[in-house]
Amino acid sequence: NKNSGSGDFLPRDLQLFPEAFFHVEANQSVKLFVICELYGTMKKVLEAACFAARKHRKQKRKGIDGTPYINHPLEVAWLLNAVGGVTDEEVLSAAILHDTVEDSGTTPEELEAHFGKVVAGYVIEVSDDKELPKEERKRLQVEHAPHLTYGAKLIKIGDRIANLRSIVSDPPSGWPVEQQIRYFEWSRAVFTALGPINAPLEELFLREYEEGFRIVAARNNSSEETMK
């Protein structure tokens, strides 16, 4: 019974991550009960969604709304598939998992054990070394972008698009407008360094960048008028 409140209806493999399933459903961030219907078609991707939901279950996005963190990697994977036409399960799985090493304490070995070397490799490629200063990490993202594998480049552009959208709709709490503008400018530098990847995703990035930059810049103008 799918409405019974128990985890018995989940496929056996997914019962490894029951708390992730129920936490996400309770927060209404994404209805993972569709796993029951879709499990046979994209098994690895759906397992990645459950794994990421468990790893990010206590995390929120930086915006005032406090959106559950899992929404972000799911959006990245959705953009790759719905906009970019990406159907590679390894890439889509890595897109969902892309922040687990950097932000949730997951080890590369753990990812490889669950999802294989290819998925783990993509995640490692797009993960920052948190021991480095923030500005150095940002500089290295631009420097390394041209040398990423194709799958990692797809994840990177999806991540940039999703984050620009977040800056527009729900900017991080405490970020002044100048910091939001710098984030847009840095994201454009990463995008340029990536080079040609996927035309629909590139077009969407440029559209989100141009429209979003105008909105963010207008916030600065509004603040200046308020101070006069």
Inset, instruction - Following the transitive rule for hydrophobic clusters with a side-chain heavy-atom cut-off under 4.5 Å over Ile, Leu, Val, Met, Phe, Trp and Tyr, establish whether Leu140 and Leu194 coincide in one cluster. - result: no
Inset, instruction - Determine yes or no for a side-chain-to-main-chain donor-acceptor pair under 3.5 angstrom, with Asn198 supplying the side chain and Leu201 the backbone. - result: yes
Inset, instruction - Taking the side chain as every heavy atom from C-beta outward, state whether Arg61 and Asn163 have any pair of such atoms under 4.5 Å apart. - result: yes
Inset, instruction - Taking only Lys NZ, Arg NE, NH1 and NH2, and the carboxylate oxygens of Asp or Glu, determine whether Lys153 and Glu125 approach each other closer than 4.0 Å. - result: no
Inset, instruction - With rounding to the nearest 0.5 Å, note down the distance linking CG in Leu204 to CZ in Arg165. - result: 5.5 Å
Inset, instruction - Mind listing the closest non-hydrogen atom pair of Ala145 and Ala193 along with its distance? - result: CB-CB, 3.7 Å
Legend entry - Check: Val177 and Pro171 side chains under 4.5 Å, non-hydrogen atoms: no
Legend entry - Spacing of CG belonging to Asp88 relative to OG belonging to Ser93, to within rounding of 0.5 Å: 8.5 Å
Inset, instruction - Assess whether side chain to side chain contact (heavy atoms under 4.5 Å, CB included) is satisfied between His98 and Tyr122, documenting all intermediate values. - result: CA-CA 8 Å; His98 78 270; Tyr122 287 145; over 6 Å; no
Inset, instruction - Run the salt-bridge test on Glu210 and Arg214 with the 4.0 Å N-O cut-off and return the result as yes or no. - result: no
Inset, instruction - Give a yes or no on whether Leu74 and Val76 share a hydrophobic cluster (residues Ile, Leu, Val, Met, Phe, Trp, Tyr; joining criterion: side-chain heavy atoms under 4.5 Å apart). - result: no
Inset, instruction - Check the pair Phe115, Glu47 against side chain to side chain contact (heavy atoms under 4.5 Å, CB included), reporting the backbone distance first and the verdict last. - result: CA-CA 9 Å; Phe115 302 102; Glu47 287 178 343; 4.1 Å; yes
Legend entry - Pairing of Lys55 and Glu110 as salt bridge, 4.0 angstrom limit: yes
Inset, instruction - Would you mind reporting whether Ile70 and Arg57 have side-chain heavy atoms less than 4.5 Å apart? - result: no
Inset, instruction - Enter the distance from Ser166:OG to Ile161:CD1 here, rounded to the nearest 0.5 Å. - result: 12.0 Å
Legend entry - Atom pair CD (Glu208) and CG (Leu79), whose distance is rounded to the nearest 0.5 Å: 8.5 Å
Inset, instruction - Look up atom CD in Gln180 and atom CG in Leu164, then write down how far apart they are to the nearest 0.5 Å. - result: 11.5 Å
Inset, instruction - Compare every heavy atom of Pro108 with every heavy atom of Ala120, then report the nearest pair and how far apart it is. - result: CB-O, 4.1 Å
Legend entry - Over all atoms of both residues, closest heavy-atom pair of Leu92 and Ala77: CD2-O, 3.6 Å
Legend entry - More than 12 heavy atoms from other groups under 6.0 Å of NZ on Lys138: yes
Inset, instruction - First locate atom CD of Glu89, then atom CG of Leu46, and finally report the distance between them rounded to the nearest 0.5 Å. - result: 8.5 Å
Legend entry - same_hphob_cluster(Val83, Tyr150) at 4.5 Å side-chain heavy-atom cutoff: yes
Inset, instruction - Applying ring pair (Phe, Tyr, Trp, His ring centres under 6.0 Å), name anything that partners Trp175, two or more places apart in sequence or on another chain. - result: Tyr183
Inset, instruction - Let me see the working for His56 and Gln59 under side-chain hydrogen bond (donor to acceptor under 3.5 Å, both in side chains), right down to the final yes or no. - result: CA-CA 5 Å; His56 293 304; Gln59 296 175 311; 2.5 Å; yes
Inset, instruction - State yes or no: do Val126 and Tyr69 share one hydrophobic cluster built from I, L, V, M, F, W and Y residues joined by side-chain heavy-atom distances below 4.5 Å, directly or via other members? - result: no
Inset, instruction - Take Glu185 and Phe213, measure what side chain to side chain contact (heavy atoms under 4.5 Å, CB included) needs, and give me the verdict at the end. - result: CA-CA 9 Å; Glu185 292 171 340; Phe213 194 92; 4.2 Å; yes
Legend entry - Those residues that, when tested against Phe205, pass ring pair (Phe, Tyr, Trp, His ring centres under 6.0 Å) (two or more places apart): Phe191
Inset, instruction - Provide the closest heavy-atom pair for Asp128 versus Arg137 in the form atom of the first, atom of the second, distance. - result: CB-CD, 3.6 Å
Inset, instruction - Any chance you could lay out the side chain to side chain contact (heavy atoms under 4.5 Å, CB included) test for Phe51 and Leu111, step after step, and finish with the verdict? - result: CA-CA 10 Å; Phe51 184 94; Leu111 278 185; 3.8 Å; yes
Inset, instruction - Flag the pair Arg207 and Glu203 as a salt bridge only when some basic side-chain nitrogen lies within less than 4.0 angstrom of an acidic carboxylate oxygen. - result: no
Legend entry - Pairing of Arg139 and Glu136 as salt bridge, 4.0 angstrom limit: yes
Inset, instruction - Using modelled atom types only, decide if a donor and an acceptor are shared between the side chain of Glu202 and the backbone of Ile197 within a distance under 3.5 Å. - result: yes
Legend entry - Atom of Leu154, atom of Leu80 and distance for their closest heavy-atom approach: O-CD2, 3.1 Å
Legend entry - Thr192 side chain vs Ala189 backbone, donor-acceptor pair below 3.5 Å: no
Inset, instruction - Would you check if Ser173 and Lys62 make a side-chain contact, meaning some heavy-atom pair closer than 4.5 Å? - result: no
Legend entry - Cluster check Tyr209, Ile157: I/L/V/M/F/W/Y, side chain < 4.5 angstrom: yes
Legend entry - Closest heavy-atom pair and its distance - Ser169, Arg219: N-NH2, 4.5 Å
Inset, instruction - Flag the pair Asp103 and Lys130 as a salt bridge only when some basic side-chain nitrogen lies within less than 4.0 angstrom of an acidic carboxylate oxygen. - result: yes
